[in-house]
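Worksheet for the structure shown next.
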Amino acid sequence: MKKFNREITEDHYYIAKEIYLRIGVNTDAVIEKLKTIPISIQCWQGDDVTGFENHDTGLTGGIQATGNYPGRARNADELRMDLDKAMSLIPGKHRVNLHSIYAETDGKVVDRNELGSEHFRGWIDWAKQKGIGLDFNPTCFSHPYSSDGFTLSHQNEDIRNFWIDHCVASRQIGASFGKSLGTPCITNIWIPDGYKDIPIDCYSPRERLKESLNKIFRVNLPEKYNLDSVESKLFGIGSESYVVGSHEFYLGYAIKNNKLLCLDTGHFHPTEKISDKISAVFNFVDEMLLHISRPVRWDSDHVVSLDDELLSMTKELVRNDFLRRAHIGLDFFDASINRVAAYVIGTRNVLKALLIALLEPTDMLKTYELDGEFTSRLALLEEFKTYPFGAVWDYYCLQHDVPVADTWLDEIRNYERETLSKRH
Ligand code: RNT
Ligand code: ZN
């Protein structure tokens, strides 16, 4: 594809700047604000949630990465190389979100309850060199001890304890990330526990989960290094009838125990909107983690698209100045397209959605709302949809020395030809 002419991009921006000034929006200030918002990029899109352990369990836990596009990262070096490539095509400084199965154990078998920060040296050094933060997740799936579908809520105490130890170890690894990198790590607990079919006792597993969480969090870690979050889900593949860690369960847990609540956009009934939950939840919890994905039918993890719900979410965050309290993470995995492109598409879309939200003259709209001027509110909301945010976005990319518009795709094609296609 032909390169974008620098002058045209700049001229477009100057025209857009005038158009936004008319409605009281300073695009230069918006650009400065957007630079300060990090997105936590999930490492697991790069290898279909496989990790580097040598279990033959495959991916379990009711999640699935479908597709067999060539070029999956097979080890930490390849994954980091792919993330480097993706991040070179995304404007701004972001974070990377790891799972415990991405430990580097030098060929030795180290079970998950025995993992330590030494197994993440490669990741820490890489992040330090890039000047980025890391986030973390215990992996409570794809393991022989999760094979019957239960982990922290398991009826067997030994199995429960194994997972408790793993979660404590994970929080400590998270704290070591925070300490080494100078930015707190969010360690997010998600478990797959649940039943395929109608349960008799819904209460006991939840009671056990609560007790396991209490034990996990009893180990005190400084908040400047590690922040804990808990993630709910409605159903998984094979846990269609009952999930122990439901929304109400974790909402209650987070409020009572002062934890971050993780809202994954794919973990609710299809007509429920996360965008409408943010303001409700923020009346009761201090901070939250967002797992932005895109639900389609049964799948909660399609690559993020610039759709209405994403825009509603970023508008919620911007309008209420929630950006300091809401940590933005991504959670999608698609094995049917170029995986590096998937990173670029999803992350650029979240940034575009944030930019569009930041370009809104919120005070003006709020005034109309309070004055009962609903005609103006609707009329302007609709008119603003065709304002030239694309010109501001292109300029933002240009400023960051990142390909403008669709020209990043050429770099992905080159990378595919020169690197990904050689992985067999
Ligand atoms: C699963 C959860 C969870 C995982 C990652 C891999 O439904 O969304 O966040 O996607 O931990
Ligand atoms: Zn998630």
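Start at 1 and go down the list; that is how both ligands and their atoms are numbered. If you read the sequence from its start, that first residue is 1, and numbering goes on from there.
Ligand 1 has a nitrogen or oxygen under 3.5 angstrom from a nitrogen or oxygen of His291. Residue-to-ligand polar distances keep Asn188 apart from ligand 1: every N/O pair is separated by 3.5 Å or more. Checked against a 3.5 angstrom limit, the closest N/O atoms of Asp264 and ligand 1 fall inside it. Here's the thing with Trp190: none of its N/O atoms is less than 3.5 angstrom from an N/O atom of ligand 1. In terms of polar-atom proximity, Trp44 is not counted as a contact of ligand 1, lacking any N or O under 3.5 Å from an N or O of the ligand. When only interatomic distances are considered, the shortest N/O to N/O separation between Ser300 and ligand 1 does not fall below 3.5 Å.
Using modelled atom types, one finds no donor on one side chain facing an acceptor on the other under 3.5 Å when comparing His94 with Thr347. A donor-acceptor contact under 3.5 angstrom links the side chains of Asn97 and Asn137, judged on distance only. Between the side chains of Thr9 and Asp394, not a single donor N or O lies within less than 3.5 Å of an accepting N or O. Side chains of Ser293 and Thr265: a donor on one and an acceptor on the other come within 3.5 Å. Side chains of Ser275 and Glu309: a donor on one and an acceptor on the other come within 3.5 Å. For Asn338 and Tyr415, the side-chain atoms include no donor-acceptor pair closer than 3.5 Å. For the 3.5 Å distance criterion, the side chains of Tyr253 and Asn214 qualify, holding a donor opposite an acceptor.
For ligand 1, the atoms closer than 4.0 angstrom to any heavy atom of Ile63 are 1 (C), 7 (O). Near Lys233, the atoms of ligand 1 lying under 4.0 angstrom from a non-hydrogen atom of the residue are 1 (C), 7 (O). Using a 4.0 Å cut-off to heavy atoms of Phe333, the atoms of ligand 1 that qualify are 10 (O). Of all atoms in ligand 1, listed by their number and element, those nearer than 4.0 Å to a heavy atom of His267 are 1 (C), 2 (C), 7 (O), 8 (O).
Taking the N/O/S atoms of Asp331 in turn, the shortest distance to the Zn ion (ligand 2) belongs to OD2. When you scan the N, O or S atoms of His291 for the one nearest the Zn ion (ligand 2), you land on ND1. Counting just the N/O/S atoms of Glu231, the one with the shortest distance to the Zn ion (ligand 2) is named OE2. Atom OD2 is the N, O or S atom of Asp264 at the shortest distance from the Zn ion (ligand 2).
Scanning the protein heavy atoms around atom 9 (O) of ligand 1, the nearest turns out to be Glu231 OE1, 2.8 Å. Here the heavy atom of the protein found nearest to atom 5 (C) of ligand 1 is His99 NE2, 3.5 Å. Looking from atom 8 (O) of ligand 1 to the surrounding protein, the closest heavy atom is Asp331 OD2, 2.7 Å.
Under 2.8 Å from the Zn ion (ligand 2) lies no N/O/S atom of Cys262, from backbone or side chain alike. For a distance bound of 2.8 Å, the N, O or S atoms of Asp301 include none lying that close to the Zn ion (ligand 2).
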Between Asp82 and Tyr343, does the side-chain hydrogen bond (donor to acceptor under 3.5 Å, both in side chains) criterion hold? Intermediate values first, please. CA-CA 9 Å; Asp82 292 354; Tyr343 277 129; over 6 Å; no

Decide yes or no on side chain to side chain contact (heavy atoms under 4.5 Å, CB included) for Ile356 and Thr314, but give the supporting numbers first. CA-CA 8 Å; Ile356 294 170; Thr314 55; over 6 Å; no

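Here the options are Asp135, Ile328, Ile186, Leu134, the test is side chain to side chain contact (heavy atoms under 4.5 Å, CB included), and the partner is Arg95; only Asp135 passes. Of the candidates Asp111, Thr60, Ile101, His143 forms a side chain to side chain contact (heavy atoms under 4.5 Å, CB included) with just one, namely Asp111.
Using a 4.0 Å heavy-atom cutoff, Gln42 is absent from the residues neighbouring ligand 1.
Using a cutoff of 4.0 Å between basic side-chain nitrogens and carboxylate oxygens, Asp193 and Arg208 are not scored as salt-bridged.
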